[in-house]
Protein chains: 4
Amino acid sequence: MINSAKTGSFPDKRTQILEATVIVLAAKGFEATKIAEIAREAGIGKGTVYEYFSSKEDLFEQAIQHATKMHAQMLTNALEAGENLEDSLERALMASLVFCETSRPTAQVLLNNPVGRGGASLGDWLLGFRRQMVDMIAKTIRRHRGPDFPRDPEIAANVFLGALNNLSLAQILDDGTTRIRSLKATTKEAVAIILEGLGREA
Amino acid sequence: MINSAKTGSFPDKRTQILEATVIVLAAKGFEATKIAEIAREAGIGKGTVYEYFSSKEDLFEQAIQHATKMHAQMLTNALEAGENLEDSLERALMASLVFCETSRPTAQVLLNNPVGRGGASLGDWLLGFRRQMVDMIAKTIRRHRGPDFPRDPEIAANVFLGALNNLSLAQILDDGTTRIRSLKATTKEAVAIILEGLGREA
Amino acid sequence: MINSAKTGSFPDKRTQILEATVIVLAAKGFEATKIAEIAREAGIGKGTVYEYFSSKEDLFEQAIQHATKMHAQMLTNALEAGENLEDSLERALMASLVFCETSRPTAQVLLNNPVGRGGASLGDWLLGFRRQMVDMIAKTIRRHRGPDFPRDPEIAANVFLGALNNLSLAQILDDGTTRIRSLKATTKEAVAIILEGLGREA
Amino acid sequence: MINSAKTGSFPDKRTQILEATVIVLAAKGFEATKIAEIAREAGIGKGTVYEYFSSKEDLFEQAIQHATKMHAQMLTNALEAGENLEDSLERALMASLVFCETSRPTAQVLLNNPVGRGGASLGDWLLGFRRQMVDMIAKTIRRHRGPDFPRDPEIAANVFLGALNNLSLAQILDDGTTRIRSLKATTKEAVAIILEGLGREA
DNA sequence: TATGAATGAGAGTTCATTCAT
DNA sequence: CATGAATGAACTCTCATTCAT
């Protein structure tokens, strides 16, 4: 074998299993996902899974971390690439909505909020990760708005992250039959609401 | 028998089981919740659970619907009681945060987004329920702001619902050690952000 | 209540339960027969069954003994009433076939050969009972044919009893759609075969 | 691997389970037979049973069909090998009695008449099978006696099959302590009775 | 005496995990 | 390394039996 699976950047067997896990997880939910089906989806033997992961819990943990990191990386890139706050938020929201379409299974798994599932270690990891995300959004706000920003950046970050999650969830749940607006229009409108607010007076 | 279990406001056995289910579900997560433990928590025999629910799936379904309805009722009341949009949103958000403290287990179960768990029937039910909630918020916005409201009320509703969910989740996850602001202050600030926005310019 | 259930000859509650047991046993088979269903069939509460029988095993045992005795009594009467061997055998066979029609459930239970089911005590009882039946038929043969009967009366009895059981079973199993001959004709023909034989030569 | 389990005539695991099932079924009866005990008898793990049979019902069904076919094959061979009616019947009866001694457990299961046990599908299968057996015996009678045979061959077949079953049952039930006659003698006598009859006159 | 809600021992079944090949 | 047949711990669910009413 000339080109070992371990060397190339194309999916090695580990990644292959991780991706199969996310696909099955998205299709069946946590309880109904069996190792046997993951192996079938990955096109390998059941026993092989245990060559790469020590247990089902370990596999799920890593699969969720894998998915979480992918999503987070995408958001991080978007937020950092933005030239101003509007741009950053639009890029991030747009990216998330696109992610829901292109990586549906991964998005589904993430939006099922796997906090509290699996061992405590995964819960802690996700908790820490969530904090990082909030911090990053808050930092982005501060970066664009400076230290005089009159709002609590952390709460603002939570509002934006919540909106992003919720709109992404809506995107996932709507089977595409009811979508009237384009992703772009939805993004623009949502960011407009977040930047301009609903207005104070009647 | 003067005060029948069916007539009094104290929990009958069915409700007792439902509440035990939510408690265990919150503590252990979906996969790790066993019928035996629910029975122990409810202080009854294992077999008794099956006198009131036909299967584990049925029990989970009803427990989640029970919890969902409680939360939804609370939000509905808050939104309808508000005298203007600010009031409605503040009441709803405040109520949700308070709910997280007073009914921690129920809130935990709800925020675990059980969409996609259990049978398809529960998934459909939750999907429909989520739509109802979005509609209700959108309706509240229209009620207070009239038909000339320049924003898409549905997207605005999603933004608010997302913020509410995310802040509630933050409330649940933070073990109380890191909370700097009071519930009231958090609510005020969050609603202020939603009403006034983050501002367009740098 | 003037005419207590215990005094009259009409079915008291004990007999009522016994008969319900036979009915359910015939309809569902041994494994699938539940105490709850017997109680429902008898129109009484589940707990009441235990006022009359100490356990499920006891109930089944007595129900089967009840059914066995009814059938045996009928055969005994028929055999004793016969004026010669042909008459005795015809009466017995006819009675059994009629019994299958009029007491279908009881016949079904009996023909399921419950030997070996239930506790060893029932098995022993049935074993003894079967011997009694064979003895009675053998005795009938001896009575009509005298001590010079050239055949082994016990084997002859087994042949007749087997034929009777098998034809009764056929009667039970055939849903009545395929029966060409009348009960009378079948009886006559079968007894003719047993008395005259199939013949030795080609 | 030189001598694959699939190729040899020694029992593969499926057959091994089937045979263990018959043994336990014979020893304990239908109700008392547990999967755990079958597995123990077969010398395998409980879960392994489910690698070869989808459920307890499925296993019982196949075990009974297996046993039924063995017995039927034996009878068929005997009936066909006979050179005249007497020979056919003697061979069949003898074979059945021998079968009861050599394959006691199988015989016990068969003679418990599992018609009506298990799912309706098994009941139908056994019903059909019984019809085939009667037809085969009737055909054998016609083959040896020609179309002018004065008796109804089907009833004659039922008489013989009943006698065979009943004598086999007697053979099974007698623990060997009370047997006076040899198998051969019993067979000869029984067939003599069937061929010559008990005689019409007193 | 009659009842049926409550019970829990025990059965069938699943499936993560192992290990001989 | 890769595999999947074999396994048994652990789960859900059933149902005979009890007992307060």
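Here is the naming used below: chain letters follow the sequence lines, and residue numbers restart at 1 for every chain.
Remark: F:dC13 base-pairs with E:dG10. Criterion, Watson-Crick or G-U wobble with two distances under 3.5 Å. E:dA5: Watson-Crick or G-U partner is F:dT18, with both key distances under 3.5 Å.
Taking atom CG of C:Leu59 as the reference point, atom C1' of F:dC15 lies 15 Å away to the nearest angstrom. In this structure, A:Phe53 places its CZ atom 13 Å from P of F:dA2, rounding to the nearest Å. Summarising the geometry, the separation between CG on D:Asp12 and P on F:dA5 is reported as 14 Å, rounded to the nearest angstrom. Nucleotide E:dT7 holds its C1' atom 15 Å from the CZ atom of B:Arg40, rounded to whole Å. Rounded to an integer number of Å, the gap from CD of A:Glu61 to C1' of E:dA16 is 17 Å. Taking atom CD1 on C:Ile44 and atom P on E:dT1, their separation rounds to 14 Å, with Å as the unit. Distance C:Lys28 NZ to F:dC15 C1': 14 Å, rounded to the nearest Å. What separates CD1 of A:Ile38 from P of E:dA16 is a distance of 8 Å, to the nearest Å.
For the pair A:Phe129 and A:Gln65, the minimum side-chain heavy-atom distance is 4.5 Å or more.
Minimum interatomic distance between B:Ile23 and B:Pro105 (heavy atoms only, all atoms of both residues): CA-CB, 4.1 Å. Across all non-hydrogen atoms, the minimal contact from C:Ala67 to C:Thr106 is CB-CG2, 3.5 Å.
Across all strands, B:Lys34 comes closer than 4.0 Å only to sugar-phosphate atoms, never to a base (heavy-atom distances). Counting non-hydrogen atoms under 4.0 angstrom, B:Thr33 reaches the backbone sugars and phosphates but no base.
Distances shown here put every side-chain N or O of D:Tyr50 at or beyond 4.0 Å from the OP1 or OP2 atom of F:dT7. Between D:Lys13 and F:dA6 there is a side-chain polar atom (N or O) within less than 4.0 angstrom of OP1 or OP2. A close approach under 4.0 Å does occur between a side-chain nitrogen or oxygen of C:Tyr52 and OP1 or OP2 of E:dA2.
Summary of the strand contacts: C:Ser54 and A:Gly45 both lie near DNA chain F, and taking for each the nucleotide with the nearest heavy atom, the more 5' one is attributed to A:Gly45. Across the interface with DNA chain E, nearest-nucleotide mapping of A:Ser55 and D:Ser55 shows D:Ser55 to be the residue nearer the 5′ end. Nearest-nucleotide assignment on DNA chain E puts the 5′-proximal partner with D:Ala36, out of D:Thr48 and D:Ala36. Comparing A:Lys46 and B:Glu51 by the nucleotide of DNA chain F whose heavy atom lies nearest to each, the residue mapping closer to the 5' end is A:Lys46.
For A:Ile35, counting side-chain heavy atoms from C-beta on, the closest listed nucleotide (E:dT17, E:dG12, F:dT17) is E:dT17.
With 3.5 Å as the limit, one finds no donor-acceptor pair spanning the side chains of C:Asp12 and C:Gln16.
Remark: the A:Lys56 side chain and the E:dT17 base include no donor-acceptor N/O pair separated by less than 3.5 Å.
Between the side chain of A:Thr21 and the backbone N or O of A:Ile17, at least one donor-acceptor pair lies under 3.5 Å.
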Run the side-chain donor-acceptor check on residues 32-43 of chain C: report pairs under 3.5 Å with partners two or more places apart or on a different chain.
| unit_1 | atom_1 | unit_2 | atom_2 | d |
| --- | --- | --- | --- | --- |
| C:Thr33 | OG1 | C:Gly29 | O | 2.7 |
| C:Lys34 | NZ | C:Glu31 | O | 3.2 |
| C:Glu37 | OE2 | C:Lys28 | NZ | 3.4 |

